Each structure stands twice: as structure tokens, then as C-alpha cells.
K.L.:
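The structure under discussion is supplied below as C-alpha cells; questions concerning it will follow.
What you are looking at is a predicted structure, and each value in this text was computed from that prediction instead of being measured. FYI, side chains are in, hydrogens and waters are out, and symmetry mates aren't considered; it's all heavy atoms of this structure. Chain letters run A, B, ... following the sequence lines, proteins first, then strands; residues in each count from 1.
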2 protein chains.
Amino acid sequence: MFSKACEYGIRAAVYITLQSLEGRRVSVNEIAEEIDSPIAFTAKTLQLLTRNDIIKSVKGPTGGFEIDREEMNNVKLNMIVKAIDGDKIFKGCGLGLKECNANKPCPLHDKFVDIRTNLSKMLGSTSLYELAMGLEVGLTFLKR
Amino acid sequence: MFSKACEYGIRAAVYITLQSLEGRRVSVNEIAEEIDSPIAFTAKTLQLLTRNDIIKSVKGPTGGFEIDREEMNNVKLNMIVKAIDGDKIFKGCGLGLKECNANKPCPLHDKFVDIRTNLSKMLGSTSLYELAMGLEVGLTFLKR
DNA sequence: TATTAATCGGACAAAATTGTCCGAAATAAA
DNA sequence: TTTATTTCGGACAATTTTGTCCGATTAATA
């Protein structure tokens, strides 16, 4: 479904959100440890999120990644997916046709539109804050 | 969503179904031409489908691929997807956790279950015959 | 000011996926 | 029986994705 980069990106963003709620800025090393992901590859992904203004980074000692209290609610998963995987999952044809739309649909077009509309709605309405809350109360997990 | 191999596999299977309805057995070359896919790679995928008893192959001159009239209704897309991509799309965690279930869910678990249930139902209820019918009446397409 | 700890970014490496080639086996037909 | 045409299957190649390394840059602090 999502690329590895995207999976790590979402997990990392949720962890950053959780820690930012406590006022803690976190390093790539800590993030990778806590979400059980490869450090350097995760760093690349975080740079992507930073360049897309989804999270904030600070260089130097005491530096790391954080996210504003307000942004936690504004940032929805579709923004992260789009920043990392692009919009092929939102727009591409399920059977790989270059040009597939209502006028010239693949055999699966209509049924795929349904599935994707659901996915799109779900990702577009799920905020980092919401996901971090489940983590905070110990209901959900980011590794294993 | 699906791998390239799987996209080709589904398109090829639908084309084979369409031609089998007319009693025509088709070669890899014709299939690849009609679904606009790489010949040799498509051949590999068709071997997979053959080994999984989803389609039938006949060697030698006048040989090629076909599917029984009855099987067109029995074969659902989930069987093709499972044969080619395995069941990671049906069972794997959306955020890539090795172990993710109701007892130890990732933050997206419940929402993902919904999406996947939809996808699973759709793939499990869509037959090759059904898709071939749309093609036959010129309502849907397999290339471009 | 020097040191240290952090991200940034480019080059590189490994692994997985996608795609190609070709000889072997099968089989229909001349 | 020979030839021609097809799938089968293994080896190989190219591309994309995933993952690593390291020097440059930034900035806090001793």
C-alpha cells in the first residue's frame, strides 16, 4: 500500500507529535529507536517532511524535530502520504493504465474509485494529534 | 497498490476470459500486444497463474492460454492478487509493523481494517467473467 | 573561541522489483 | 519424421526502492 519510506514517515511523525505534546524536541536517533526503523533512511524521510513544512527541524546541540501544537491538528495523513509517495495512490489506475478515467475506464475503474474515496476520506480526516492520543493512553503502538 | 506483475496478471486474465468466451485460445504475444505490457515479463506472470490453476495453458502450435467457461465465474480477483502478490495486502499492517492486531494495534489499525475489508470484499466478489463483459460491450478498456 | 551535538545533503551500496534472452520441452501439422 | 510454433524455466540485466556513510553546516555551551 504505502512505501517503506511512507510507513516510517507516518510512524515518525506520530512519535514526534507525542513528544512535542510534552514539549520535548527529539533526535533522529531517538525516533528511529522508538519506531524501530533504520536511522539514516528515516533521517532522509524526515528531511522530506521538513521541506514540506509538515514538521520543524532545529540544527545543532539541543536540536531535533518538533511540531507546533496547532499543526498537530492541521496535519492530516494525506499530506504526509502525498509528500512522500506522491499522489499515485490517490489518482493512479488500479490496473496500471496511463489514462484511466470515467470516459475511458479500466474494467475495475468504478469499483476502485469507491475504495480510493474511502481511503482518501480516511487519510484526509485523520490528524497527527488524534493518532498521538491513542499512543499516549497506551492503546496503540509504534513498533513490533 | 498492486505490483506491476499483478496489474499485468489481472489485465491478461480479463483478456484471456474475453477471448475464451469466443472459443479462442490466445498466445502471450497477442496478450501482451492487447494489454500493452512487456512480453517476457507477462509470460512469467501467466506461468504463475497457470501453476495456481487460475488459467490453463497448452503448449505447441495452436497452443496458448484459455479459461473454462465455468471458471470465469469462479475465479475472483482476490485469487489472482493472492497468487501474484501474496496476502500482504490483505493481512499486513498499514504502517509496516510486523505484529499488528486488535491486541497490539498500530495507531491506524482500526481505520485500516475498514479500508481493507472493503477492498477484500470487492476483490472477493469480482469475477473475471464480470470484468470481461464490460470489455465486450466496449464500456471498458485494457490499454492506454 | 573551541568543542560538541545535531540536521542537511550528496554519494554510494544492497536488495527487491521489473524486464530480457535463450535453450528445453511439448505438440500440431506438413 | 521433420518442422514450426508455442509455453516453460533458468540465467541474466536494468531500474527502483531501501538503506548506509560521511563531510558540511548550524548552533548551544563550556
K.L.:
For Leu46(A) and Pro61(A), take the nucleotide of DNA chain C holding the closest heavy atom to each; which residue's nucleotide lies nearer the 5' end?
P.N.:
Pro61(A)
K.L.:
From CZ of Phe41(A) over to C1' of dG19(D), roughly how many Å is that when rounded to an integer?
P.N.:
7 Å
K.L.:
If I compare all heavy atoms of Phe65(B) with all of Ile31(B), which pair ends up nearest, and what's the gap?
P.N.:
CD1-CD1, 4.1 Å
K.L.:
How many whole angstroms separate atom CD1 of Ile39(B) from atom C1' of dT7(D)?
P.N.:
14 Å
K.L.:
Which part of the nucleic acid, if any, lies within contact of Arg51(B), taking any heavy atom under 4.0 Å across all strands shown: a base, the sugar-phosphate backbone alone, or nothing?
P.N.:
sugar-phosphate
K.L.:
Let me know the distance between NZ of Lys59(B) and C1' of dA4(D), rounded to the nearest Å.
P.N.:
16 Å
K.L.:
Atom OH of Tyr8(A) and atom C1' of dT18(D): how far apart are they, to the nearest Å?
P.N.:
8 Å
K.L.:
Could you give the CG-to-P distance, from Leu48(B) to dT7(D), as a whole number of Å?
P.N.:
16 Å
K.L.:
How many angstroms lie between atom CG of Leu46(A) and atom CD1 of Ile55(A), to the nearest 0.5 angstrom?
P.N.:
4.5 Å
K.L.:
Specify the separation, in whole Å, of atom CG of Asn29(B) and atom P of dC8(D).
P.N.:
13 Å
K.L.:
So which one's nearest nucleotide on DNA chain D is more toward 5', Gly64(B) or Lys44(B)?
P.N.:
Gly64(B)
K.L.:
Whole Å only: how far is the CG atom of Asp85(A) from the P atom of dT18(D)?
P.N.:
8 Å
K.L.:
Determine whether Met72(A) and Leu21(A) make a side-chain contact, defined as any pair of heavy atoms from C-beta on separated by less than 4.5 Å.
P.N.:
yes
K.L.:
With nearest nucleotides of DNA chain C determined for Gly60(B) and Lys88(B) from heavy-atom distances, which residue corresponds to the more 5′ nucleotide?
P.N.:
Lys88(B)
K.L.:
Is the shortest distance from a Lys or Arg side-chain nitrogen in Glu66(B) or Arg25(B) to a carboxylate oxygen in the other one below 4.0 Å?
P.N.:
yes
K.L.:
Does some side-chain heavy atom of Leu131(B) sit less than 4.5 Å from a side-chain heavy atom of Leu77(B)?
P.N.:
yes
K.L.:
If you assign each of Thr42(A) and Thr62(A) to its closest nucleotide in DNA chain D, which residue comes earlier from the 5' end?
P.N.:
Thr42(A)
K.L.:
Could you give the start and end, 5' to 3', of the contact zone on DNA chain C for chain A, using atoms under 4.0 Å from its heavy atoms?
P.N.:
dT4(C) to dA11(C)
K.L.:
Considering all heavy atoms of both residues, which atom of Pro38(A) and which atom of Thr42(A) are nearest to each other, and what is their separation?
P.N.:
O-OG1, 2.6 Å
K.L.:
Using 0.5 Å steps for rounding, measure from the CG atom of Asp114(A) to the NE2 atom of His109(A).
P.N.:
10.0 Å
